[in-house]
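This report refers to the structure that appears directly beneath it.
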Amino acid sequence: MNRFVIALLATVLASVAGATSVFSPARPPALPLAVKSPYLSTWLAAGSDGGNGGYLAGEWPIFWAGQITGWAGMIRVDGSAYTWMGLPGTTTVNQTSYEYTSTKSIFTMNVDNKVEMNITFLSPITPTDLKRQSLIFSYVNVEVGSLDGDAHDVQLYADISAEWVSGDRTATASWSYGVTDNGVAYHKVNRQTQLAFSEVSDQGEWGEWFWATDRSDGFTFQSGEDVTVRGAFTANGTLGDSQDADYRAISTEWPVFAFAHDLGSVDSSVGVLFSIGLAQNDAAQYEGNSSSSTIQPSLWTSYFSTGPEALDFFHNDYETSYSLSTDLDDQIATDSIAAAGQDYLTITSLTVRQAFGATQLCGTTDNMYLFMKEISSDGNMNTVDVIFPAHPIFQYTNPELLNLLLKPLFEIQESGNYPNTYAMHDIGSSYPNATGHPTGNDEAMPLEECGNMVIMALAYAQKASNDDYLDDHYTILNQWTAYLVEEAIYPANQISTDDFAGSLANQTNLALKGIIGIEAMAVISNLTDHSKNAANYTSIAHNYIDRWQVLGVAQDANPPHATLAYGSNNTHGLLYNLYADRELNLNLVPQSVYDMQSTFYPTAELKFGVPLDTRHNYTKSDWEMFTAAIASTSTRDMFMKDLASWISETPTNYAMTDLYDAISGDYPTNIFIARPVMGGAFALLLLNQSS
Ligand SMILES: *[C@@H]1O[C@H](CO)[C@@H](O)[C@H](O)[C@H]1NC(C)=O
Ligand SMILES: *[C@@H]1O[C@H](CO)[C@@H](O)[C@H](O)[C@H]1NC(C)=O
Ligand SMILES: *[C@@H]1O[C@H](CO)[C@@H](O)[C@H](O)[C@H]1NC(C)=O
Ligand SMILES: *[C@@H]1O[C@H](CO)[C@@H](O)[C@H](O)[C@H]1NC(C)=O
Ligand SMILES: *[C@@H]1O[C@H](CO)[C@@H](O)[C@H](O)[C@H]1NC(C)=O
Ligand SMILES: *[C@@H]1O[C@H](CO)[C@@H](O)[C@H](O)[C@H]1NC(C)=O
Ligand SMILES: *[C@@H]1O[C@H](CO)[C@@H](O)[C@H](O)[C@H]1NC(C)=O
Ligand SMILES: *[C@@H]1O[C@H](CO)[C@@H](O)[C@H](O)[C@H]1NC(C)=O
Ligand SMILES: *[C@@H]1O[C@H](CO)[C@@H](O)[C@H](O)[C@H]1NC(C)=O
Ligand SMILES: *[C@@H]1O[C@H](CO)[C@@H](O)[C@H](O)[C@H]1NC(C)=O
């Protein structure tokens, strides 16, 4: 079967049928379905670049990188079969609404005016409950009820294909069926030849996938070729309770793994719960402070001895998990509305699964790590200038998560496994291999990363009230600050975090980061009884910031503004590094600089925001949110409104990009997808929380 052709046909048909759904608070570029880790990351493409507008039925769900992760849902009502998810071939149900919260995607379907379905995709996020957060699983809860008051004969079906288990469609999958001690029926599917710590098209090539539901009355299961299994349900409403033992390539007679529930005669609402997830005992390789890499387990293995045991807990935990996630949804909603209104909530609530979904808790309860993948840009691990833009969401939800992200960076550098005196860029070039850079050949972003490390160390210590942390890391923080003292005022020609925009000397915004870093170190020195260093650093920082205001500001421009680079008075950029001055409560930079920028940004506004800098018309949504967080109310609201409109109107079709053309709303040459940096949307929430 040529799935690509079928996908195109179905997109057309869906619009011909004229089904129209309400989307609230917005129709995002891609709808998060099961998004929990770098490898459990399935979305529904919506934007017109390749998506169908946000309809669950009629298009296959995709892995963040774009390849299909076959996931089909069907329902039979009074003997007629319909599709509610994916593209298995039957008539599609009519979607009437889609709503997202921070942790949920909720669809409402109308089936021939007879039956209503509420389908909730919950990817639970529990930032302070690390046992639950460590599980790489996600729920689909389907509620079915009568729409017309009559009772209807209903059967519900859902399957996954083997596409979930490998990015190589010619790889052989193997599978089995089982039931846990507490009655959870599951299909276990995996790559037959496990390739530990390897990726193909960014999918993980090892571990066991579980697709599960309750073994309740009227339940049947089957594995086998897609057309056979789906055909059995369409014809009979039940499956054969049988397994296809012919382990084969993912794309050879596409094996699927299905469940059906005969709900009998339905008048009032009944629910069926499914769980999907990945169990990898070993999650990552980590150099740590030794010279040879050691294998890091997934943190969930500290709480559960096997995949089925973890699944059993997860599936039976739905009520608690739902309620904890709803608490987080509500907190973010209340705080976002209070901070800047609905546009802000439209943004923050879309970023939560994306930011957390780039991370995984690893190690043991005694010695854990939070590993992060720099999704889509290059797959680096715990990249400092990716943690930095993302860090507001971790600080806001649980500052210990920031500590766990920074921990491997400190360990590698403090144990002497990195030769440069400036801070390293990442702990490994290819997630999940944190093999470090013992020869110091990482992507050099010296000023950026020294500033980021010092700023984030103080940010965490302030938020967690943990001065010992600063004591523990004082020596290396001091080493990085010496680099800042040398380099910050006249930054050499180098790249900043916005490396795609090219390198440049004397970058105004980069200098500002370094100067703020020096003042942060003055505060750190005070907190750790190094008062001589405190006096030295604060005097340097004040001297630099006075000079910076002459070097980096186009005073004669109308209105005046910070430049992109010293002396280039007709250039400008988002001065997002100013955020750290406010976050750390330093008051190093005069209020007049904040006011100047607030007055300036509206004069550079394009349709969907303010460009990152004068070199291009594209912008970065993470940095826009940093900039908005410290702007005047009206300028802040301008940023919020533009980004919220972009979410609804962008033609981009993958998980929220942080880089887009501010005129067309489309991708520029670089396509960034699903990156954790969108945790920066929490910049304003974090400031409000600390005050
Ligand atoms: C969907 O809505 C269209 C237009 O109202 C209608 O013709 C069609 O029968 C509906 N399909 C289902 C499955 O409800
Ligand atoms: C679907 O959700 C709506 C809103 O919560 C509710 O009123 C309705 O009863 C639900 N339908 C079913 C079938 O559970
Ligand atoms: C990680 O390292 C292993 C060797 O230890 C290798 O097989 C694997 O391909 C690497 N993974 C990535 C994503 O580069
Ligand atoms: C429907 O069920 C009957 C009886 O079990 C079986 O013989 C038949 O093959 C099934 N139909 C399909 C399409 O699987
Ligand atoms: C290495 O790291 C481990 C785990 O953080 C720690 O317990 C140990 O003390 C460290 N050893 C050295 C030599 O730094
Ligand atoms: C101030 O700090 C810089 C950078 O570490 C150092 O070179 C200089 O000697 C210090 N000055 C004093 C007076 O401590
Ligand atoms: C940076 O700016 C200073 C002062 O304008 C100038 O002397 C220096 O040459 C610039 N550096 C570079 C690398 O262009
Ligand atoms: C350090 O502490 C001294 C004495 O309390 C204070 O005067 C100074 O402002 C502090 N410096 C910073 C950077 O906080
Ligand atoms: C830029 O503007 C400043 C005053 O705002 C002025 O001193 C400087 O000469 C200007 N630089 C150039 C290259 O025009
Ligand atoms: C921005 O877009 C406008 C309109 O298409 C174009 O004229 C201009 O050259 C672009 N600017 C940059 C920096 O690419």
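Note: hydrogens, waters and symmetry copies are ignored here, and every other heavy atom, side chains too, is used. Note that the structure is a prediction, hence the values are computed from the model and not measured. First listed ligand is number 1; within each ligand, the first listed atom is number 1.
Those atoms of ligand 10 that come under 4.0 Å of a heavy atom in His616, given as number and element, are 13 (C). Close contacts of ligand 10 with Arg615, meaning ligand atoms under 4.0 Å from a residue heavy atom, involve 13 (C). Each of the atoms 1 (C), 2 (O), 3 (C), 8 (C), 10 (C), 11 (N), 12 (C), 14 (O) of ligand 10 lies under 4.0 Å from some heavy atom of Asn617. Listed by number with element, the atoms of ligand 7 under 4.0 Å from a non-hydrogen atom of Ala505 are 12 (C), 13 (C), 14 (O).
Distance alone, capped at 3.5 Å, places no donor-acceptor pair between the Glu624 side chain and the Leu643 backbone.
Using a 4.0 Å cut-off between a side-chain N of Lys or Arg and a carboxylate O of Asp or Glu, Glu649 and Lys607 qualify as a salt bridge.
Among pairs with a residue in residues 591-600, those fulfilling side chain to side chain donor-acceptor pair (under 3.5 Å) read Asp581-Tyr594, Arg582-Gln591, Gln591-Asp595, Gln597-Tyr601, at least two apart in sequence or across chains.
With sequence neighbours excluded, the residues satisfying side chain to side chain donor-acceptor pair (under 3.5 Å) with Asn653 are Tyr667.
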Show me the donor-acceptor pairs, under 3.5 Å and distance only, between side chains in residues 453-460 and residues at least two apart or in other chains.
unit_1: Tyr460; atom_1: OH; unit_2: Glu400; atom_2: OE1; d: 3.0
unit_1: Tyr460; atom_1: OH; unit_2: Glu400; atom_2: OE2; d: 2.9
unit_1: Tyr460; atom_1: OH; unit_2: Asn403; atom_2: ND2; d: 3.3
unit_1: Tyr460; atom_1: OH; unit_2: Asn466; atom_2: ND2; d: 3.2

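For Phe672 and Tyr618, the ring centers are positioned 6.0 Å apart or more. Between Tyr431 and Phe371, the ring center distance fails the sub-6.0 Å criterion.
At under 3.5 Å, not a single nitrogen or oxygen of Thr614, backbone or side chain, sits near a nitrogen or oxygen of ligand 10. Note: an N/O pair closer than 3.5 Å links Asn506 and ligand 7 by distance alone.
In this structure, Leu606 has no heavy atom closer than 4.0 Å to ligand 10.
The shortest heavy-atom contact between Ala488 and Ile515 is CB-N, 4.0 Å. Contact detail for Ile412 and Gly436: the closest heavy-atom pair is CD1-CA, 4.5 Å.
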N/O contact list for ligand 6, threshold under 3.5 Å:
unit_1: ligand 6; atom_1: 2 (O); unit_2: Asn536; atom_2: ND2; d: 2.3
unit_1: ligand 6; atom_1: 11 (N); unit_2: Asn536; atom_2: OD1; d: 3.3
unit_1: ligand 6; atom_1: 11 (N); unit_2: Asn536; atom_2: ND2; d: 2.9
unit_1: ligand 6; atom_1: 14 (O); unit_2: Asn536; atom_2: ND2; d: 3.3

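Both tests do not hold together for Lys620 against Phe500: distance to the six-membered ring centre under 6.0 Å, angle to the ring axis within 45°.
Contacts with ligand 10 closer than 4.0 Å are made by side-chain heavy atoms of Ile663 only, the backbone lying farther away.
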